[in-house]
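In what follows, residues are counted from 1 in the order of the sequence shown. For clarity, every value in this text was computed on a predicted model and none was experimentally measured.
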Amino acid sequence: MSSPLDPTQQKEGDVIMGVRIRGLRGQLIAALVATSTVVVAAPALAEGSFNSTVSGVRVGFESRSWADRNVDGAATRARITACSVGGVGIGIFRERFGPDALIARGSTCDAYVSGGRVASGNYHFTVERIGGSNLNGNVRVEY
């Protein structure tokens, strides 16, 4: 199956993306416009992310650390899905000498807890509350 943007399949008078094609030069310009539009419309991606699982977790559990270099402006956020308990409260912390700085606190179990755009640094989340005994679930962190 050929693409409507394939210059070999276009003919004089075709309309591509609102532009009437006139000769080889017109075909080339229409193809460049279509390609440029796709590139410009591509969404921004987060700097990084990871997935993990937790099993038998209790209050006080700290996740692995991640480095957010703040090169993209995306929010730092975490969530736990498929929770084995009624609710989970987590805090997102920036690691530093002395006590870590709390960036955000919230409830999760299929909802993100977001710290928004953060300064460059190392971060982790800590489980602060569990609506049950031990937590099992899937973790998603985006930064």
Review point. Hydrophobic clusters join Ile, Leu, Val, Met, Phe, Trp and Tyr when side-chain heavy atoms are under 4.5 Å apart, directly or via other members; which others share one with Phe93?
Key: Leu102

Practice item. Indicate yes or no for a side-chain donor-acceptor contact from Thr108 to the backbone of Val88 under 3.5 Å, with no hydrogens or angles considered. Key: no

Practice item. Without swapping roles, check the side chain of Asn122 against the backbone of Ser65 for a donor-acceptor pair under 3.5 Å. Key: no

Point to revise | Heavy-atom closest contact (Ile130 atom, Val57 atom, distance) | key: CD1-O, 3.4 Å

Check your understanding: With sequence neighbours left out, which residue pairs that include part of residues 53-143 fulfil the disulfide (SG to SG under 2.5 Å) condition?
Key -> Cys83-Cys109

Study note, to complete from the structure: d(Tyr123 OH, Arg64 CZ) to nearest 0.5 Å is 15.5 Å

Check your understanding: So, the side chain of Arg58 versus the backbone of Phe61: is there a donor-acceptor pair under 3.5 Å, distance only?
Key -> no

Study note, to complete from the structure: Heavy atoms of Ser120 and Arg94 approach each other most closely as O-NH2, 2.5 Å

Exercise for review: Classify the ring geometry between Trp66 and Tyr143 as parallel (under 30°), tilted (30 to 60°) or perpendicular (over 60°).
Suggested key: parallel

Point to revise | Shortest non-hydrogen contact between Glu47 and Asn70, atoms and distance | key: OE1-N, 3.1 Å

Practice item. Report the C-alpha distance between Leu135 and Ile80 in whole Å, list the side-chain angles of each, state the deciding distance to 0.1 Å, and finish with yes or no for side-chain contact (heavy atoms from CB on, under 4.5 Å). Key: CA-CA 10 Å; Leu135 169 65; Ile80 301 173; 3.9 Å; yes

Review point. Rounded to the nearest 0.5 Å, what separation is found between the CD atom of Glu95 and the CD atom of Glu62?
Key: 7.5 Å

Review point. Residues in side chain to side chain donor-acceptor pair (under 3.5 Å) with Thr126, at least two apart?
Key: His124

Check your understanding: Hey, quick one: are Val85 and Ile90 part of the same hydrophobic cluster, counting side-chain heavy atoms closer than 4.5 Å, chains of contacts allowed?
Key -> yes

**Study point:** Residues Phe125, Val139; criterion side-chain contact (heavy atoms from CB on, under 4.5 Å); working and verdict
**Key:** CA-CA 11 Å; Phe125 71 82; Val139 174; 3.8 Å; yes

Review point. With no hydrogens and no angle check, do the side chains of Thr76 and Glu142 hold a donor and an acceptor under 3.5 Å apart?
Key: no

Check your understanding: Are Val54 and Val59 joined in one hydrophobic group, where the rule is that I, L, V, M, F, W and Y side chains link up if heavy atoms are under 4.5 Å apart?
Key -> yes

Check your understanding: At their closest point, which heavy atom of Gly115 faces which heavy atom of Ile92, and how far apart are they?
Key -> N-CD1, 4.3 Å

Revision key, fill the gap. All heavy atoms of Arg140 vs all of Asn51, minimum pair found to be CD-OD1, 2.8 Å

